[in-house]
Amino acid sequence: MESVVNRAATAAPMASREVRWTTVGVAGLVLLVAAQVYGVLTSPPDRDMGHLQKIMYVHVPAAWNAMLAFLLVALASLRYLWKGRLADDLLAASAAEVGMLLTGLTLALGMIWGKPTWGIWWTWEPRLTSTAVLFFMFVAYLILRTFVDDAERRAQWSAVVGLLGALNVPIVYMSVRWWRTLHQMQSSPMTLDSSYTWPLRANAVALMLLMAYAVAHRYRSALMTQTADELMDRLALKGTPGGSRA
Amino acid sequence: MSSWIAWPSRVPPEVPVPEYNNAFIIAAFAVTWLAVIGYGLHLRRARQAAEARVQSARSALGGGA
């Protein structure tokens, strides 16, 4: 397993990366404000829902970006299982945390949208249920990580659970087509009025920039924590008889 | 009101728009910003804790800053 300390030491200009990611975060924040103002001020009310349609600008981007974050979990987990680099495990964990937050946000916003349109906060229909399962799978993923002390074993178990969790993403996505119940089917520019398309895209891109920034920031913090743990392990080995071999 | 979320479409000018749902719209945007700002603060705290941990590990190893 590759040492994170060595990786951190050889990782070139971290400061310039920080500046780059901070720029991405600030751009995401500014775009999010602009896109929300643009969407709220320029979108005409919907025929059936009136201004409630505007919840789409926060609910749908949160759901899309949660799926993107879980795709990153799957890719990083696969790469960890293939190459055994601890940094990939930390990247998967960072993306899982952000994905879980976005899924929780999607569920909360869906409930806020559901009450005035469906008349209920929650119902056990396929899209809602599969999304809740996805959310709790990644809650379990993050809890699992706190229970395992050994970094290598934690990374292996997390990779397996992360992949199983990510397998649920296509089920969530397709649930509205496979079981046509209460939730509407996926929106696309073909089904959406053009006056709603651009604000939706702008909000999705803004949240994607923020999601990328959050994952990068969390990943860097996780690398630092792992570096500190490895340094402390070296210290502990130095203090034990015959420990100088480390 | 229909129990189905209809595809959004332009409302004809003569159709009155329901006004009773503003609280839900405000709640949705408020929850979003609460999540963005709350997680931003969490990220900042996590970074500070990580930096302090690295610093104390380096100090313990005698390497200083």
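Just so we're on the same page: letters track the sequence lines, and every chain starts at 1.
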Please indicate whether Tyr38(A) has more than 12 foreign heavy atoms, meaning atoms of other residues, nucleotides or ligands, lying under 6.0 Å from its OH.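 Atom OH in Tyr38(A) is crowded, with more than 12 foreign heavy atoms closer than 6.0 Å.
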Quick check on side chain to side chain contact (heavy atoms under 4.5 Å, CB included): which of Ile112(A), Val58(A), Leu52(A) does Ile25(B) satisfy it with?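 Among Ile112(A), Val58(A), Leu52(A), the one meeting side chain to side chain contact (heavy atoms under 4.5 Å, CB included) with Ile25(B) is Leu52(A).
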Using the side chain to side chain contact (heavy atoms under 4.5 Å, CB included) rule, take Leu29(A) and Val36(B) through it: C-alpha gap first, then chi angles, then the decisive distance, then the call. CA-CA 9 Å; Leu29(A) 212 56; Val36(B) 169; 4.1 Å; yes
Test item: [X] and [Y] side chains (from C-beta on) under 4.5 Å apart, heavy atoms:
{"X": "Thr117(A)", "Y": "Phe24(B)", "answer": "no"}
{"X": "Gln226(A)", "Y": "Arg53(B)", "answer": "no"}
{"X": "Met224(A)", "Y": "Gln55(B)", "answer": "no"}
{"X": "Leu101(A)", "Y": "His42(B)", "answer": "no"}

What part of Val40(A) gets closer than 4.5 Å to chain B, counting heavy atoms only: side chain, backbone, both or neither?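 Just its side chain gets close to chain B.
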[X] [atom1] to [Y] [atom2] distance, which is reported to the nearest 0.5 Å:
{"X": "Phe29(B)", "Y": "Leu109(A)", "atom1": "CZ", "atom2": "CG", "value": "9.0 Å"}
{"X": "Asn22(B)", "Y": "Lys54(A)", "atom1": "CG", "atom2": "NZ", "value": "9.5 Å"}
{"X": "Glu51(B)", "Y": "Ser221(A)", "atom1": "CD", "atom2": "OG", "value": "7.5 Å"}
{"X": "Thr32(B)", "Y": "His59(A)", "atom1": "OG1", "atom2": "NE2", "value": "10.5 Å"}

May I ask you to name which of Ala27(B), Ala49(B), Ala28(B) has the most heavy-atom pairs under 4.5 Å with chain A?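 Most heavy-atom pairs within the cutoff with chain A belong to Ala28(B).
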Before giving the answer on side chain to side chain contact (heavy atoms under 4.5 Å, CB included), spell out for Tyr39(B) and Arg218(A) the whole-Å C-alpha distance, their side-chain angles and the decisive distance to 0.1 Å. CA-CA 11 Å; Tyr39(B) 192 65; Arg218(A) 194 72 191 85; 3.8 Å; yes
Pairs of heavy atoms under 4.5 Å with chain B: top-ranked of Ala108(A), Ala214(A), Gly119(A):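 Sorted descending by pairs with chain B, the first entry is Ala214(A).
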Can you tell me which of Leu210(A), Leu102(A), Leu32(A) forms the most heavy-atom pairs within a distance under 4.5 Å of chain B?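 It is Leu32(A).
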Salt-bridge present (Glu18(A), Arg47(B); N to O < 4.0 Å):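 Here Glu18(A) pairs with Arg47(B) in a salt bridge, since their nearest N and O are under 4.0 Å apart.
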